Asks: 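Can you read through this structure? Questions will come right after.
Because the structure is predicted, anything quoted here is derived from the model rather than measured. Each ligand, and each atom within it, is numbered from 1 in the order the structure gives.
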Amino acid sequence: MLLRPATPAARLIAALDLPSLDAACAMATRLAGAAAVLKLGLELFTAEGPPALAALRARAPVFLDLKLHDIPNTVAGAVRVLAPRGAAMLTLHAAGGAAMIAAAREAAEGAGAARPLLLAVTVLTSMDAEALQGVGVPETPRAQVLRLARLAMAAGADGLVCSPQEVAPIRDALGEAPLLVVPGIRPAGAAPGDQARTATPAEAVAAGADWIVVGRPITAAPDPAAAARAILASLPR
Ligand code: C5P
């Protein structure tokens with residue numbers, strides 16, 4: 001099982017949000033030595049399926065970000081199939097509820113010590129207070145993240161995905177137990193794109209993030225390896 005990072009070099013997850021395995025492998029090659037973990041998300045998994053997981057895990061531990069969200073039986077079935085395939089981390093939506101998360105954990109246990117860490121996505125980093133209200137949640141993003149964080153950890157998640165802005169509140173409320181994986185990362189001056197709740201890599205780690213997930217600021221940079229190394233160099237020791 002993937003260990004909690006102890007050094008800056010272990011903290012960077014590069015999001016390979018690319019349309020083909022060829023493009024993802026080419027990017028992984030450029031980022032070798034800088035990205036400790038490779039994120040395989042919906043775009044690439046939809047295009048290439050499980051062979052993408054097999055190819056990427058030969059290079060580095062894989063964060064399989066499929067954000068599962070369905071009835072407990074269906075999610076458990078998907079986790080049972082995915083768990084032995086060697087992803088280091090797998091995501092599911094905390095909003096699926098305690099029974100869904102507990103069913104996923106039980107299914108993951110079937111893969112024994114090789115099972116992926118289960119990370120519960122709290123509130124997407126692209127959502128602000130107005131977007132939350134639009135889906136019927138009157139809480140602030142912070143309050144909703146804390147509610148879902150407590151629920152997910154009690155139900156058996158190993159950790160959480162949250163924006164940098166909720167890292168410190170989660171550490172205050174839940175201590176060191178949750179592994180915290182944090183997207184919504186933007187180096188100073190980088191375009192936010194569709195991300196709403198952002199901070200710099202250094203701010204996220206100083207607040208208590210274990211891993212940071214960075215996509216476009218690396219993959220769209222003229223020199224992705226240099227961009228990744230600059231992010232690592234900016235992190236607190
Ligand atoms: O390109 P960018 O740095 O915005 O990519 C962030 C990555 O983190 C994307 O792959 C996205 O799917 C993922 N992510 C996120 N917000 C979450 C969970 C995952 O942005 N709450």
Side-chain angles (χ1 to χ4, degrees), residues 11-19 23-24 27-28 31 34-48 52-53 56 60 62-69 87-96 116-129 131-132 135 137 141-142 144-149 152 157-167 169-170 178-205 209-221 224 227-228 230-232 234-235:
R11 293 194 191 279
L12 179 60
I13 302 179
L16 303 177
D17 293 322
L18 297 162
M27 184 59 69
L31 298 178
V37 178
L38 299 172
K39 188 199 117 155
L40 170 52
L42 279 178
E43 181 179 2
L44 188 55
F45 197 79
T46 303
E48 304 277 1
L53 173 55
L56 292 178
V62 171
F63 171 41
L64 184 58
D65 188 18
L66 298 183
K67 297 190 182 70
L68 303 175
H69 189 174
M89 303 160 153
L90 174 65
T91 53
L92 67 179
H93 268 289
L117 296 167
L118 288 183
L119 303 172
V121 177
T122 54
V123 174
L124 293 171
T125 48
S126 55
M127 296 185 85
D128 57 14
L132 263 188
V135 295
V137 177
R142 174 177 297 198
Q144 180 68 358
V145 166
L146 284 174
R147 171 196 295 267
L148 292 173
D158 298 294
L160 304 163
V161 182
C162 64
S163 98
Q165 298 179 10
E166 293 95 33
V167 171
I170 288 177
L179 296 167
L180 292 187
V181 174
V182 179
I185 300 295
R186 289 294 178 267
D194 54 356
Q195 297 287 14
R197 306 194 324 279
T198 64
T200 66
E203 287 166 343
V205 170
D210 291 305
W211 287 273
I212 55 172
V213 186
V214 187
R216 289 160 290 183
I218 292 174
T219 56
I231 288 171
L232 289 181
S234 76
L235 298 181

Asks: Below 4.0 Å from any atom of ligand 1, which residues have a heavy atom? Give them in chain and number order, please.
Replies: A15, D17, K39, D65, K67, V121, L124, T125, V161, P183, R186, Q195, V213, V214, G215, R216, P217
Asks: Using salt bridge (charged side-chain N to carboxylate O under 4.0 Å, His left out) as the criterion, list what pairs up with R186, not counting sequence neighbours.
Replies: none
Asks: For side-chain hydrogen bond (donor to acceptor under 3.5 Å, both in side chains), just list the numbers for S126 and Q195, CA-CA rounded to whole Å, side-chain angles, deciding distance to a tenth of an Å, and then say yes or no.
Replies: CA-CA 4 Å; S126 55; Q195 297 287 14; 5.3 Å; no
Asks: Under 3.5 Å, is there a donor-acceptor pair between the side chain of R11 and the main chain of D210?
Replies: yes
Asks: Which value, rounded to the nearest 0.5 Å, describes the distance between K67 atom NZ and L124 atom CG?
Replies: 6.5 Å
Asks: What is the distance from atom CG of L38 to atom CG of L31, rounded to the nearest 0.5 Å?
Replies: 7.5 Å
Asks: For the backbone of K39 and the side chain of D65, can you confirm whether one donor and one acceptor N or O come within less than 3.5 Å of each other?
Replies: no
